[in-house]
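A note on names: the letters A, B, ... follow the listed sequences, proteins ahead of strands, and every chain is numbered from 1. When reading the values below, keep in mind they use all heavy atoms of this one structure, side chains included, and skip hydrogens, waters and symmetry mates. Predicted model only: the values in this text are computed from it and were never measured.
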There are 2 protein chains.
Amino acid sequence: MVQDWSVTRAEAMPTPTFFNLPREKRERFLDAALDEFALHDYRSASLGRIVATVGIAKGSVYQYFAGKQELYLYLVTLAAETKFSFIDASLPGDVADFFERFRLSVYHGARFDFSRPRLGSLLYNATYEPSGAATLEVAAQLRAASLQYLRTLVEAGIRNAELRDDLDVDYVVFALYQLTVSLRDFLGERFGFSFKDAVREGSGSPIDDAALHAVLDQMADLLRQGLAGPEPGRDVT
Amino acid sequence: MVQDWSVTRAEAMPTPTFFNLPREKRERFLDAALDEFALHDYRSASLGRIVATVGIAKGSVYQYFAGKQELYLYLVTLAAETKFSFIDASLPGDVADFFERFRLSVYHGARFDFSRPRLGSLLYNATYEPSGAATLEVAAQLRAASLQYLRTLVEAGIRNAELRDDLDVDYVVFALYQLTVSLRDFLGERFGFSFKDAVREGSGSPIDDAALHAVLDQMADLLRQGLAGPEPGRDVT
DNA sequence: CTCGACTATGACCGACCAGTCATGTGACCG
DNA sequence: CGGTCACATGACTGGTCGGTCATAGTCGAG
């Protein structure tokens, strides 16, 4: 399993009323809410815009959720579960090699972001929520889960001697995390793909697989060999 | 020179009135404003809080600046100029080696962030401003300037054969940028240093130079050699 | 038909926001 | 003294926000 969300899953659920809703209405509401939080950060997101989009009354939101914070928490949890289980299901279980495993995780993560821009953007925003106030707990858990996954990978890699054993694990994990999260921005630029537009249009779009692999090759390459040229016989064996 | 800010510098200046202010008052205002934007993102920052801190009337802000946006632009420009010229002045001119030059740039940047937390945090926030609406232009320029600097470094490194020549320059520059910007978070965690608190207390604090160098060594090491262990005789010379 | 449980509603509240402007103050000059 | 200019002020406007609540509709059970 890629990440464990059991902690979050238990708390801050929607009300029973929400689940009693006709499927179609519930989904329209969820879509609109995901849109809103994918397009704006927590503070800027507006319940007013959501209800206007769905065409329901302001008060209805409070029939479904205790408040903005609970709604947000639910959405983030939902998105995280969806993305992580997508990656999990796409990962073959028998890839032992560290770099390949890392590469594949990032690859499927990227595919998810392009095919489900609403969910991807929501999680991306959550990652960068200022770590203060209401957002803190969810964002911190999201971050912690990702870091934990990477740490497991790195530690296994060191045990297998695929990775050097003189690494500062904390730093390496941190660096991998940053490169993973921010890759989205690079891909957006390189492919001329606007995630915001994709969210607004509500449609995912397929991704140029070859080009994506090329970028991931660069990333894996950088991580494996570093940037240095072969010239002055550095301390490599 | 590390970065060029001439474009921005020309526009969106404070009014003459602002410069006519007694030195002490002007500085109290600037300090309070920097505090506010260092602690909150653009949208959340409140002119009301600033004037309350300084002890002046709301209307006075509009005697000094055309509005919130212009104030912000001025502050970011000011902070960027200060930081970049600090780094520039601290960099010896004769360091040719790519990794060392990069390392030193990051090193002095980090020293700046710890000693001038207000300015450092403001720039950090600006970096992560959502690229839409009012903020767009300044944030984009800030980002562009940093990327340009890194690109120059990388291209020189490739010319000198310090770096491999099969690199995807765009990606490498992007990766360096992300690692540079986010290093702040890692250092904060490792050193148990809260930038927010430092801003609130208004005091910079000296930094454990040895520990900082240790982290930078890891970073430079990762970039130079990569993570791979020596074991299976990879394609390194 | 009546009752009670459930759900939808939107006017309303208090808060905070950026920005405006009429009024006032005080310094300098003729 | 009167006039002018620079500057300070804070009540006020119009807007948005999250959240509340009295009211009303709906529907199945008795």
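One finds no side-chain N or O of B:Tyr62 lying less than 4.0 angstrom from the OP1 or OP2 phosphate oxygen of C:dC21.
Side chain to side chain, B:Ser121 and B:Arg184 meet the donor-acceptor criterion of an N or O pair below 3.5 Å. Side-chain contact annotation: A:Tyr149 with A:Ser105, donor-acceptor N/O pair under 3.5 Å present. Using a 3.5 Å distance cut-off with no hydrogens or angles, the side chains of A:Ser44 and A:Asp41 do pair a donor with an acceptor.
Here C:dA18 presents its C1' atom at 12 Å from CD1 of B:Ile50, a figure rounded to the nearest Å. To the nearest angstrom, P of C:dC6 lies 15 Å from CG of A:Leu21. Atom NZ in A:Lys25 sits about 8 Å away from atom C1' in C:dT7, given to the nearest Å. Here the C1' atom of nucleotide C:dA15 and the CZ atom of A:Arg43 are 11 Å apart, to the nearest Å. Atom CZ in A:Phe18 sits roughly 13 Å away from atom P in C:dT7 (whole-Å rounding). Note: CD (B:Gln63) to P (C:dG26) measures 16 Å, nearest angstrom. For the pair B:Phe65 CZ and D:dC7 P, the computed distance is 14 Å after rounding to whole Å. In this structure, the CZ atom of A:Phe19 is 17 Å from the P atom of C:dC6, given to the nearest Å.
A salt bridge does not link B:Arg111 to B:Asp209: none of the charged side-chain nitrogens sits closer than 4.0 Å to a carboxylate oxygen.
Contact annotation for A:Arg49: backbone-only contact, meaning every heavy-atom pair under 4.0 Å involves sugar-phosphate atoms and none involves a base. Counting any heavy atom pair closer than 4.0 Å across all strands shown, A:Ser60 reaches a base atom. Across all strands, B:Ser46 comes closer than 4.0 Å only to sugar-phosphate atoms, never to a base (heavy-atom distances). Among the protein residues, B:Ala45 comes within range of the sugar-phosphate backbone only, with heavy atoms under 4.0 Å from sugar or phosphate atoms but none that close to a base.
Which of D:dA8, C:dA8, C:dT7 sits closest to the side chain of A:Asn20 comes down to C:dT7. The side chain of A:Leu47 sits closest to D:dG19 out of C:dT9, D:dG19, C:dA8.
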| said: As a quick check of understanding, evaluate side-chain contact (heavy atoms from CB on, under 4.5 Å) for A:Val61 and A:Phe29, giving each step before the final call. | reply: CA-CA 9 Å; A:Val61 175; A:Phe29 178 83; 4.2 Å; yes
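Checked by distance alone, B:Lys68 brings no side-chain donor or acceptor within 3.5 Å of a matching partner on the base of C:dG19. Side chain B:Lys58 to base D:dA11: no donor-acceptor pair is found below 3.5 Å.
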